Amino acid sequence: MTDDTIAAGKNGRKVSQYVIRRLPKYYRFLDEIAAEGEQKISSFEMASRMKLTASQIRQDFNHFGGFGQQGYGYDVIQLRGEIGKIIGVKNQNRAVLIGAGNLGKAVAMHLGYVDSGVQLTGVFDINPDLQNIDLCGIKISLFTNENIAAFCKRERPTIALLCIPKEATQLVASTLISLGIKGFWNFSHYDISANFKDVFVEDVNLTDSLLTLAYNVNHNGDD
Ligand code: NAI
């Protein structure tokens, strides 16, 4: 599914992926200011602190019914709760991590302390030496077709976190899709979206992010 795919908002209204991508940013911002004790915030203040425009924020929120009374500002806790509900942070989608190397370990640890709506229920690796080692309270299982199939049948995960090499990913993704996985948090450099159309993919690439930073530094933000 591509960047401009649309999803259903309130009353089945269409919401673009661009709006959906801003929801976690609103959620994180509200989380931070709630922790600082702020109770009310206007769309203008939110806009200036988040480097957006107030009208963009209001338009985004209108997709989901608005959330506030014009002129009174938003109740921070309530808005955070509403946006959290829309994202589904409390849904606790079950997830499985494939690849328990350097990156996989860091990703598993990260999941342990963020409010992401994703609950890690299993960790698999093809390396037998890692079998039964504890990672964040979960014993690493050997990745075989039989083991992963039995796990998916039992635990019904819908999300897979892929921290495996590019060459291994096509086969692993195809296996996981056949076992009910609907979404991939993809750290491998394999292009899952290009080859499997009916799943949601979030590609994460630290190098791309670093190269974007390098471009901006090298071009002095000229563009
Ligand atoms: P690593 O070598 O420490 O770990 C990879 C793990 O995947 C190993 O434990 C290996 O046994 C396992 N594995 C390989 N094939 C498998 C399969 N078919 N099924 C299950 N497990 C399998 O490597 P590291 O540093 O953890 O990186 C993992 C991958 O992520 C690399 O291919 C690397 O290119 C990529 N990477 C991506 C980054 C990003 O920003 N997207 C950043 C760093 C690495």
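Computed from heavy atoms alone, side chains included, the values below leave out hydrogens, waters and symmetry copies. Counting starts at 1 for both ligands and their atoms, in listed order. All figures in this text were calculated on a predicted structure; none of them were measured in a lab.
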Checklist entry - If only atom types and distance count, is the side chain of Lys51 paired as donor or acceptor with the main-chain N or O of Ser48 below 3.5 Å? => result no

Next on the checklist: Going by side-chain hydrogen bond (donor to acceptor under 3.5 Å, both in side chains), name the residues that satisfy it together with Ser116, two or more places apart in sequence or in a different chain.
Outcome noted: none

Checklist outcome for this item: Between Asn186 and the options Thr169, Asp203, Asn205, the side chain to side chain donor-acceptor pair (under 3.5 Å) test singles out Asp203

Next on the checklist: Distance to the ring centre below 6.0 angstrom and angle to the axis at most 45 degrees; does that hold for Arg58 and Phe44?
Outcome noted: yes

Item to check | Every residue of the protein that comes under 4.0 Å of ligand 1, judged on heavy atoms | outcome: Ile98, Gly99, Gly101, Asn102, Leu103, Asp125, Ile126, Asn127, Leu130, Phe143, Cys163, Ile164, Pro165, Ala168, Val172, Phe187, His189, Val204, Asn205, Leu206

Next on the checklist: Restricting to salt bridge (Lys or Arg N to Asp or Glu O under 4.0 Å), what partner residues turn up for Asp31, sequence neighbours left out?
Outcome noted: Arg80

Can you give the donor-acceptor pairs under 3.5 Å from side chains of residues 88-97 to other protein atoms, not counting sequence neighbours?
residue : atom : partner : partner atom : Å
Asn93   : ND2  : Gly117  : O            : 3.4
Arg94   : NE   : Glu155  : O            : 2.7
Arg94   : NH2  : Glu155  : OE1          : 2.2

